[in-house]
Amino acid sequence: MERIEVKIRAQKESSYPILIGEGLLNDPFKYIKECTKANKFLAVTNETIMPLYGDKLRQECLKYIVLPDGEMYKTTDTLNRILDKALELKLERRDCIIALGGGVIGDMAGFAASIYQRGIDYIQIPTTLLAQVDSSVGGKTAVNHSSGKNMIGAFYQPKLVLSDTLTLDTLDERQFKTGLSEVIKYAFIEKTCSSEQNYNLMEFLENNREKVFSKDKDILKALIKICCELKSAVVNQDEKEKGLRAILNFGHTFAHAIENITHYEKYTHGEAVSIGMKMIFDFALKSGKINKEYYNRAISLIKNYGLVCDLDFKPDIEEFYQVMTSDKKVDNASIRFILPVSEKEVKIESGFDKKLLLEGIL
Ligand code: NAD
Ligand code: GLY
């Protein structure tokens, strides 16, 4: 088992462990009880995950809420259902919510925990690769709003993240690749996340493609650990995205617009991110930020992992731009971009000309 301690520089009491290993869900309460003094637990999950892993949590003191599956249910209505259930069960201040599922469940359950009785403990048990490498770590919680993704939410750290790599065995290839898209994102931002360690994630991915796709547990554990350490290094310095943390959104300004204009139905989050990363590499090459050699290497990595690279329709530039400017990552109406500037290094920049930005890319 690997253990990473997430420390938040600004608030020491917010540190928590991420545990990564094969079979951790065989005895989850061994770890959970070390991190919370809760008497009662509410497990939030969905109808896909419940039959697969619901039994792993069964305890006298635990009740479930089983939600419908899908990003379209990441709404205030579903959030209210979680809060109603917590009230019905009379959860108290010391009690605890457990998120058992992917990023949708994790984001919603975490947000419910952040506002129920002004904040109770919660634990992340991520079951998708995307959630294990990214969404379960760092305390971003939210639901969507018709005006945009994750518009209503809070920064609220969990007490524990428990990642059992065995859960990835039941993930279908599309969802597995969605997680790989966020993994590859870390390869492109590695140097900017942490100057202290050199993980060589890009080389690791280039050299271990087959083992990754055969879901070799040691390789997956190593990958998840690297991503979590990189994310922790960023969150430690900037929990509430005042600056540096924005780099974790590499490719996401385009991705969120893609998800929005396709009504969260056509592409998974990771697919939108891989298309978004390709777009930002195109832009960086076009505007002279990176050389052709790095561009080719980056795009080969995305393609070799079989990730979606291009939109299969031509969006309206005006509509696309409007959606991008209503995204949370907008700073005084000027779009902030995380631009690749050299190998594994990115920079936050804003103030781009709309025409230069989108023409030739969309
Ligand atoms: P998801 O939660 O919708 O899960 C994808 C699908 O896989 C769902 O159908 C789910 O039921 C199913 N599933 C989950 N675990 C499974 C398993 N082990 N076996 C079989 N099926 C399984 O999607 P996701 O990709 O995990 O997360 C996407 C969400 O995460 C988005 O809402 C995005 O905004 C959010 N996100 C949040 C952060 C953050 O920092 N909080 C970061 C990245 C993404
Ligand atoms: N996934 C982006 C963040 O956690 O900040």
Side-chain angles (χ1 to χ4, degrees), residues 6 25 44-54 56 66-75 78 99-111 114 122 124-144 148-158 161 163-183 185-186 189 193 215 227-228 230-232 234-235 237-253 255-256 259-260 264-265 267-273 327-329 338:
V6 184
L25 281 184
V44 180
T45 191
N46 74 24
E47 58 207 9
T48 306
I49 300 150
M50 184 65 193
L52 293 169
Y53 303 108
K56 299 278 186 191
V66 182
L67 301 169
D69 186 0
E71 180 79 35
M72 65 285 230
Y73 297 106
K74 193 177 165 184
T75 59
T78 315
L100 175 69
V104 169
I105 288 293
D107 279 12
M108 276 196 299
F111 187 38
S114 79
Y122 81 108
Q124 290 274 15
I125 304 189
T127 60
T128 62
L129 181 60
L130 180 138
Q132 294 187 356
V133 297
D134 199 342
S135 64
S136 64
V137 177
K140 273 192 181 175
T141 72
V143 292
N144 299 332
K149 208 172 143 65
N150 298 327
M151 277 292 176
I152 302 169
F155 288 97
Y156 194 63
Q157 304 294 336
V161 180
S163 287
D164 185 340
T165 50
L166 281 182
T167 60
L168 303 179
D169 283 345
T170 52
L171 210 56
D172 66 29
E173 190 182 322
R174 188 174 183 204
Q175 291 302 340
F176 188 64
K177 280 188 184 168
T178 266
L180 287 173
S181 177
E182 296 280 3
V183 170
K185 171 194 83 180
Y186 283 105
I189 64 173
C193 290
K215 296 186 179 168
C227 295
C228 289
L230 288 169
K231 183 157 187 181
S232 302
V234 171
V235 172
Q237 299 169 65
D238 178 22
E239 182 196 11
K240 300 210 167 145
E241 205 167 309
K242 303 283 183 219
L244 179 72
R245 185 167 179 163
I247 67 165
L248 299 174
N249 293 315
F250 181 67
H252 284 56
T253 311
H256 286 168
E259 285 182 284
N260 185 303
Y264 305 102
E265 280 166 7
Y267 298 106
T268 66
H269 177 68
E271 287 166 351
V273 168
D327 192 81
K328 289 192 301 321
K329 281 142 203 77
I338 323 303

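Both ligands and their constituent atoms are indexed starting at 1 by order of listing.
Closer than 4.0 angstrom to ligand 1 by heavy atom are N46, T48, I49, L52, Y53, D69, E71, K74, G102, G103, V104, D107, T127, T128, L130, D134, S135, K140, K149, N150, T167, T170, L171, Q175, T178, K231, H269, sorted by chain and number.
Ligand 2 has no nitrogen or oxygen under 3.5 angstrom from a nitrogen or oxygen of K185. Considering backbone and side-chain atoms together, D134 places an N or O closer than 3.5 Å to an N or O of ligand 2.
Between H269 and the choices H256, E259, E71, the side chain to side chain donor-acceptor pair (under 3.5 Å) rule is met once, by E259.
Within the structure, the closest approach of K231 to ligand 2 falls below 4.0 Å when heavy atoms are considered.
Electrostatic pairing of K56 and D164 does not count as a salt bridge here, judged by no charged N lying under 4.0 Å from a carboxylate O.
Interface of N249 with ligand 2, defined as ligand atoms under 4.0 Å from a residue heavy atom, comprises 2 (C).
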Show the numbers, then the answer: is there a side-chain hydrogen bond (donor to acceptor under 3.5 Å, both in side chains) between T45 and Y53? CA-CA 9 Å; T45 191; Y53 303 108; over 6 Å; no
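Residue F155 qualifies as enclosed at atom CZ: its count of foreign heavy atoms under 6.0 Å is above 12.
Without hydrogens or angle criteria, T78 side chain to K74 main chain gives no donor-acceptor distance under 3.5 Å.
The two residues T127 and G102 make their nearest non-hydrogen contact at OG1-N, 3.6 Å. The shortest heavy-atom contact between E241 and A246 is CG-N, 3.7 Å.
Between T141 and Y122, the side chains place no donor N or O within less than 3.5 Å of an acceptor N or O (distance only, hydrogens not considered).
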